[in-house]
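Report on one structure; see the data block that follows.
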Amino acid sequence: MSAPLLSLKDLRIAFPDGDGGMAEGLRGVDLSLDPGEVLGIVGESGSGKSIAMMALLQLLPDSARVSGSARFKGQELIGMAGPRIRRIRGKSIGCIFQDPLSAFNPVLRIGDQVAEAILLHDSSRSRRDAMKAVEGLFERVAIPQPARRLRQYPHEFSGGMRQRAMIAMALANSPELLIADEPTTALDVTVQAQILDLLRDLRRDLGIGMVLITHDLGVVAGIADKIAVMYGGRIVERGATDPVFYETAHPYTAGLIGAVPDIEGTGALRQIEGTPPSIFTRPGGCSFHPRCTRAQAICAQEDPALAEVGNTDCACHFPLIATRTEVAE
Amino acid sequence: MLAYVLRRLISIPFLLLGVASVSFLLSQMTKGDPLAALVPERMMSNPEIVETVKAQWGLDQPLPIRYLRYLGNLVQGDLGTSFATRRPVATDIAERLPATLELVIAAMIIGTAMGLTLGLLSARFRGSAFDSIARIFALIGSSLPIFWSGLILLYVLSVRLAIVPGTGRLPPRIAPPPHHTGFYTVDALIAGDLSLFVQALTHLALPAFVLGWAVTGIITRLVRSSIVEGLSLDYARTARAKGAPERVVLVRHALPNALIPLLTILGFTFAYLITGAVLTEAIFSWPGIGSYAVRAAGALDYPAIGGVTIVGSVAFLLANLLTDIAYAWANPRIKVH
Amino acid sequence: MADITPAVTAAPAPRRGRQLRRLSRRLPLTAKIGAAILLFWILTVLTVQFWPLADPLAMVGRRLQPPSAAHWLGTDALGRDVFSRTLHGSIWSIPIAIVVVACAVSIGSFLGAISGFFGGWWDTIIMRLVDVTVAFPPILLAMAVAAMLGPGLANASIAMVIVWWPIYARLMRAQVLEVKEREHVEAAVAGGAGGLRVLRVHVLPLCWTPTLINATMDFGQVVLLAASLSFIGLGATPPSPEWGSMISEGATRFYDWWIAFGPGMAILSVVLATSFLGDGLRDLFDRRSA
């Protein structure tokens, strides 16, 4: 197997908690992604899924303390000097953000903003040339009337069109890795499906590696090769997409699957009770235990390690698979 | 948006009517006897002279008639006749307005340039020593009594160090350039007289700086806080994710967004500038409408005070209207509505 | 921020004391310095008569002496001690600013509250009055009013109240409009309470924070405008050692810079102090506008 496109080893991120101490937002995450692979990172807000990816590109506020290792094609990204990381940002790694309205600068034309991504990495190109390229990109992401759309401002675009423009911007320099942070959350349901289709097409046509961050397992189901489920600043379950869905080991993942709206309308929507912890109020032991129906005394004391359970890796004292096996015996 | 500007335009005549009415009432409610300013004291005992003067100035008419007459005159651009100069107030003001405008515009340019530069740099290097110094400089500017800072700077720079010339628009006994715009700097350039231009400019520099410093504080604060905010917003993160260096994020992305709130307060700083211009002109013997107003207030020259007040209010309203239009033009989000 | 206010007003005394202490701990250093400077000037106003200072109105030395050990800020054209006159000047400037701000706040808040709470014609009339008043550049309006009433500090104060009340009318109106929509007010109205009573008991107590912060900031600006009017000759009249008229005396002989130096620094200190304190208070209570 070739060298991984991206590999995280024991990535940790801490933020000042306002009282002089530090609170851990990410508590040791290991992940790897091969070229052309799609990884879905799933979790509720506060699980640390977004900050992990922001940390790769050094886009977190200066107050954040990042440790561990994150290698992109063998180069260490953590602590990389400003000029070097800037050559990777937008060039080898493209980014798509959740809210395309606020992610675009309201006072600049969309075309100029997309062209900027090209011109920043290739100063020899003329603006006219870059705009021509943007027109092509807009066609690629199926924005109708690209020549006219170029000259419009973000507020003149619909939400779905803005997200397409955002994807065009991320693709401007043919990156090897695309990080999409909740790319569909701010969109209407029908538009969500269109954007996911577009991402699937891009993946097929360009063979681009993707990290898809979402709180909605349904979003990654049809596109991801593998999935990492995060809770409380760490990975609680990790594996190939099918086993995670059909041989779920972690009660939290099971809860998330229950939270996926049933398209046939056969079952009621099942929701996990309670709210996810913030990084400042995380409970001891397994951080999921207060909301877990299977929790025992040990869950409040000891944080379980990530270990192979069945066909996935799972961090749970009482994984579902194991019990099933026991029941079967 | 057009509707908004139109609504503002329509409200202006009503506001002007209100302004004129208030000015009229003020001039009528005075405790001092305007006659005293018109008739020499030893002639007060002569009823014939008193009656002639009253008729001449319209003081013998009942209040509503005087009000209507006042408004009628106003519409024709007649602001009355100054008790002190015995000339139409409108003429006096027209003669002195360019001096004030030259001062205010120069001050606005200096204030905005300093405010933008300081705001931008202190946002970029926030928390540094430069940041603190810039903010203190700006804060002092807006806290200083302008009639005092002008005085002290005049003393230090002109009397002690002789870096800048003294008061007035030109050195004594130097003839102003031929009248085109009334701005001595511009007129000197039109006349092709470079040394006159330099003299006009050096005379303008200190009062314009003193006045501009007063608004630097407001502008620096606003620019700094909107840029600091802008740098933390999603679009700044997007720009960084594209590989933009911080300098580009600052200048190309945060700055244009900061210019929009800046436009909205320029109208507001104009009020500051008018206030400041009155006092600056008094200190620097600047022959504009500010020093005219000060002299009129001291001499209880009501038509002159009223005239300056109305002209000042018109300028103020126009400045705010221009601000609104500029804001609408600059902000693409508003343009469509 | 509005949530803090009722807690403060409703809390029993000991808790209020503790909250004050907590509040003062959270104030930034600059705000504390500002408060200290203001406190200094208020103490000066109250006690300056008893200080061992030269008589501010009497000739106590040779004319136009530069600063020296005997006369820290020199003497003016009549041989009066500038240092003593500067400190005594606070007796004019500070109380006048307090009175002007208090009157402007009372009148403006009253009219603004009526306007916001009752709406309709009240609102139209009061707000048009506000619009016309703010259409004047402040200093020109103040000059026109002060000139009409005749020179003198009392008349200058009236002029300044006329300039300032609209600010508070707008502030209070905006606050009342917001608070009016809250549930407890609607409940009180539904419960049949009379309009003025609802306004006084249920609405106004929640509306004061922005007004008080603004008043703190404006205090320095009022000192500045009062001095400006005196400087022009429309405020205090000689020989009273008011700061503006002292600077005006200094302006006529600016080779003797020290005559104007003391009063200028005094004004600067008050204006800086109020903006420090006002900023600190605003950051604490009113994050939306910070």
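Protein chains get the first letters and strands the later ones, always in sequence-line order, with residue 1 at the start of each.
- A salt bridge links C/R170 with C/D131: the closest approach of a Lys/Arg side-chain nitrogen to an acidic carboxylate oxygen falls below 4.0 angstrom.
- Heavy atoms closer than 4.5 Å to chain B are found in the side chain of C/F276, but not in its backbone.
- Under a 3.5 Å cut-off, the side chain of B/R224 and the backbone N or O of B/R221 do not form any donor-acceptor pair.
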* To do: Kindly indicate, with the supporting measurements, whether the criterion salt bridge (charged side-chain N to carboxylate O under 4.0 Å, His left out) is fulfilled by C/R128 and C/D123.
  => CA-CA 8 Å; C/R128 291 303 81 77; C/D123 192 26; over 6 Å; no

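- Using a 4.0 Å cut-off between charged nitrogen and carboxylate oxygen, C/R80 and C/E249 count as a salt-bridge pair.
- Of all the listed residues (B/V294, B/I152, B/V278), the one sharing the greatest number of non-hydrogen pairs under 4.5 Å with chain C is B/V294.
- Heavy atoms closer than 4.5 Å to chain B are found in the side chain of C/L234, but not in its backbone.
- For chain C, the nearby parts of B/A293 are the backbone and the side chain; heavy atoms of each come within less than 4.5 Å.
- Annotation for B/F14: atom CZ does not count as buried by contact number, only 12 or fewer foreign heavy atoms lying within 6.0 Å.
- If you measure heavy-atom distances from C/S275 to chain B, the contacts under 4.5 Å come from the side chain alone.
- For the pair B/S142 (side chain) and B/L139 (backbone), a donor-acceptor distance under 3.5 Å is present.
- Listed options B/I305, B/V314, B/L144 were ranked by heavy-atom pairs under 4.5 angstrom with chain C; first place goes to B/L144.
- Of all the listed residues (C/G233, C/A144, C/S248, C/A135), the one sharing the greatest number of non-hydrogen pairs under 4.5 Å with chain B is C/A135.
- Of all the listed residues (B/S149, B/P145, B/G290, B/S23), the one sharing the greatest number of non-hydrogen pairs under 4.5 Å with chain C is B/P145.
- Counting heavy-atom pairs closer than 4.5 Å to chain C, the top residue among B/I140, B/L317, B/V19 is B/V19.
- Both the backbone and the side chain of B/F147 come within less than 4.5 Å of a heavy atom of chain C.
- In this structure, the portion of C/F231 lying under 4.5 Å from any heavy atom of chain B is its side chain and not its backbone.
- Around the CH2 atom of C/W164, the shell of radius 6.0 Å holds more than 12 heavy atoms that belong to other residues, nucleotides or ligands.
- Heavy atoms closer than 4.5 Å to chain B are found in the backbone of C/V134, but not in its side chain.
- Remark: the backbone N or O of B/G288 is paired with a side-chain donor or acceptor of B/S291 at under 3.5 angstrom.
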